[in-house]
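Keep in mind that this is a model prediction, so the values were computed, not measured. Hydrogens, waters and symmetry mates are skipped; everything else that's a heavy atom, side chains included, is used. Naming convention: chains lettered A, B, ... in sequence-line order (proteins, then strands); numbering from 1 in each chain.
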Amino acid sequence: MDLELSDEQRMLVEQVRRFVRQEVDPLEADLDPDASELSAEDHERLVGITTSMGLYQMDVPEEYGGAGLNVMTRTLLAMEMSQHRAGLYAPCFGTFGSMGLAQLYDANDDQKDRYLYPTLAGEKRGFFGLTEPSGGSDPARAIQTRAVQDGNDWVINGQKIFISGADRADFGLVFARTSPDKGRAGVTCFIIDTDMPGFHVRRIVHTLRSTHYATELQFEDLRVPSENILGQVDGGFGIANERLTRNRIPYAASCLGVAIRAQELAIDYVKIRETFGDLLATRQTIQNMIIDNELDIRTARWLTLAAAHKADQGEPFRTEAAMAKIAATEAGGRVVDRAMQIHGGYGVTKEFPFERWFREMRIRRIGEGPNEVQRLIIARDLIGGAFH
Amino acid sequence: MSIRMEKPWQPLTIEQANNMPAHLGVFQISNAGYDVVYIGYAGGRSLWGLRGALQEQLAERGDGFNFRVEVNQQYLSRWEELLKIHKGDHGTVPPGNENHQPRRIGQLSLS
């Protein structure tokens, strides 16, 4: 694997780094420490800048007007975009655009007209409804939401939990069991409109994150026409699984971005903070923390870029993505924790970003498939499925 | 557990405000008829937490209002939740929040 950046990649990384430091950081100084949203005016101004950089809608495929970046470049930029206080869950406050729901690129033309294009134009928002109270890591077995065919319609009943953005969405992708005896081959993906009778956002699920909350959903005789099936009946598991695997690489990269910034702040601090008559930088115990941080960052970065490289080669990258997810989320947690420790009392105040990163990074070991499940995936690939 | 804020109202006076802890959290302000006129939060940048936020409300509004508070570390998601509940009940956010609300409020099914 060649890790030498191309001139274009180097230029893009520099551009985004400058954008974060010059445009995003100053705005955060005036926002609530837990904020995940800019004012409409600031958001519009920053979108103007990212558009002029040619990076607005960077996750959208080129044929739909996006930047057409490969996975490696996108990963490098994700590491830059998260290097601010809100960066883990709101990198650059969404001013690089949103890819919407990637599954819609495989929708039929009618569905694209109704959902994909309005989403890309910023007119509609969608949510991804997979996890249920019975579990999220094993969707093939845990999905108990049922869809029963009634003429040309399907009637959905059930619940979802930990669903981001459903309360603000116009539509959503909802995975429901259509063939009860078929396991993973009995799940179908439906596109539902949130104004359909029977769709309910029951509550906000408050978590360690103060913003970017999750919701709990309920479907009561929610009637959906067959035209709103995404893909094939009983073909939903592949749609869900593909998305989860693909997301793990940028997910890992954004953890790394936060870790890199935390390390940078820690190094700056040890050079100015004195204890017992000397700088922290001279204390071997502190030096070891900095060294361990760097080892964590470089190890996880290598695994993350290796996964991105393999994805760009068109090779299977499930194991590599799982390794990147484990390494980056666990390393990120350790690095933020050490940086917080180095900063002492200040490290746990809301004056510094560590306490927010500490809370949000903890979620990362669970989100997008818990690390224990990632280990299961790796073991299955290394040893073989027959032993699981 | 109800998602509504159901604590009894207290008169918004300088004595009450000064006795508030300086914690982070959310609060509601009502008029004399107990209609909610504002939902706010004391966030991580507030100098005196809920105490300071209520002192500011009193200075801005004067006498004749009531308040209730909830200490909450997840003050932003709770604040949004309270705005959604109010919007669900009344079709709109409280008058004092017309210029102080998230860019998109969203919906909750309250029945």
Next on the checklist: For A/E220, is the CD atom crowded, meaning more than 12 foreign heavy atoms sit under 6.0 Å from it?
Outcome noted: yes
Next on the checklist: If I take atom OG from residue B/S109 and atom CD from residue A/E216, how far apart are they, to the nearest 0.5 angstrom?
Outcome noted: 11.5 Å
Checklist entry - Which answer fits A/A29, side chain, backbone, both or neither, if we ask what part of it has an atom under 4.5 Å from a heavy atom of chain B? => result backbone
Checklist entry - Does atom CD of A/Q341 have more than 12 heavy-atom neighbours from other groups under 6.0 Å away? => result no
Next on the checklist: Counting only non-hydrogen atoms closer than 4.5 Å, does A/D170 touch chain B with its backbone (N, CA, C, O), its side chain (CB onward), both, or neither?
Outcome noted: both
Checklist entry - When you look at OH of A/Y346, are more than 12 heavy atoms from neighbouring residues, nucleotides or ligands closer to it than 6.0 Å? => result no
Next on the checklist: Quick check for you: among B/Y75, B/W79, B/Y41, which has the greatest number of heavy-atom pairs under 4.5 Å with chain A?
Outcome noted: B/Y75
Next on the checklist: Determine whether a donor-acceptor pair (N or O, by modelled atom type, separation under 3.5 Å) exists between the side chain of A/E37 and the backbone of B/R103.
Outcome noted: yes
Next on the checklist: A quick test of your reading: do over 12 heavy atoms of other residues, nucleotides or ligands sit less than 6.0 Å from OH of A/Y269?
Outcome noted: yes
Checklist entry - Within a radius of less than 6.0 Å around OH of A/Y89, do more than 12 heavy atoms belonging to other residues, nucleotides or ligands occur? => result yes
Item to check | Residues forming a salt bridge (charged side-chain N to carboxylate O under 4.0 Å, His left out) with A/D25, sequence neighbours excluded | outcome: A/R261
Checklist entry - About how many Å separate CD1 of B/I85 and CD1 of A/I204, when rounded to the nearest 0.5 Å? => result 8.0 Å
Checklist entry - Roughly how far, to the nearest 0.5 Å, is the OG1 atom of A/T207 from the CD atom of B/Q74? => result 6.5 Å
Item to check | Under 3.5 Å: donor-acceptor pair, side chain of A/S210, backbone of B/L76 | outcome: yes
Checklist outcome for this item: Applying a strict 4.5 Å limit to non-hydrogen atoms, the region of A/S39 in contact with chain B is backbone
Item to check | side chain to side chain donor-acceptor pair (under 3.5 Å) against A/Y115, all qualifying residues, sequence neighbours excluded | outcome: A/D193, A/N228
Checklist outcome for this item: Assert top hit (heavy-atom pairs under 4.5 Å, partner chain B, pool A/L31, A/T194, A/T349) equals A/L31
Next on the checklist: With rounding to the nearest 0.5 angstrom, report the OG1 to CD distance, A/T211 to B/E80.
Outcome noted: 8.0 Å
Next on the checklist: Under the criterion side chain to side chain contact (heavy atoms under 4.5 Å, CB included), I'd like the reasoning laid out for B/Q107 against A/R168: C-alpha separation, chi angles, the key distance, then a yes or no.
Outcome noted: CA-CA 7 Å; B/Q107 58 167 332; A/R168 298 176 176 196; over 6 Å; no
Next on the checklist: Is it the case that over 12 heavy atoms from other parts of the model lie below 6.0 angstrom from the CG atom of B/N99?
Outcome noted: no
Next on the checklist: Can you tell me which portion of A/H43 sits under 4.5 Å from chain B's heavy atoms? Options are side chain, backbone, both or neither.
Outcome noted: side chain
Item to check | Test: A/E351 and B/R45 ion pair at under 4.0 Å | outcome: no
Checklist entry - Is atom CD of B/Q73 surrounded by more than 12 heavy atoms (other residues, nucleotides or ligands) closer than 6.0 Å? => result no
Item to check | Which of A/H212, A/H206, A/R359, A/H200 touches chain B most, by non-hydrogen pairs under 4.5 Å | outcome: A/H206
Checklist entry - Counting distance only, does the side-chain N/O of A/R202 pair as donor-acceptor with the main-chain N or O of B/L108 below 3.5 Å? => result no
Next on the checklist: Are there over 12 heavy-atom neighbours, none belonging to A/D268, within less than 6.0 Å of that residue's CG?
Outcome noted: yes
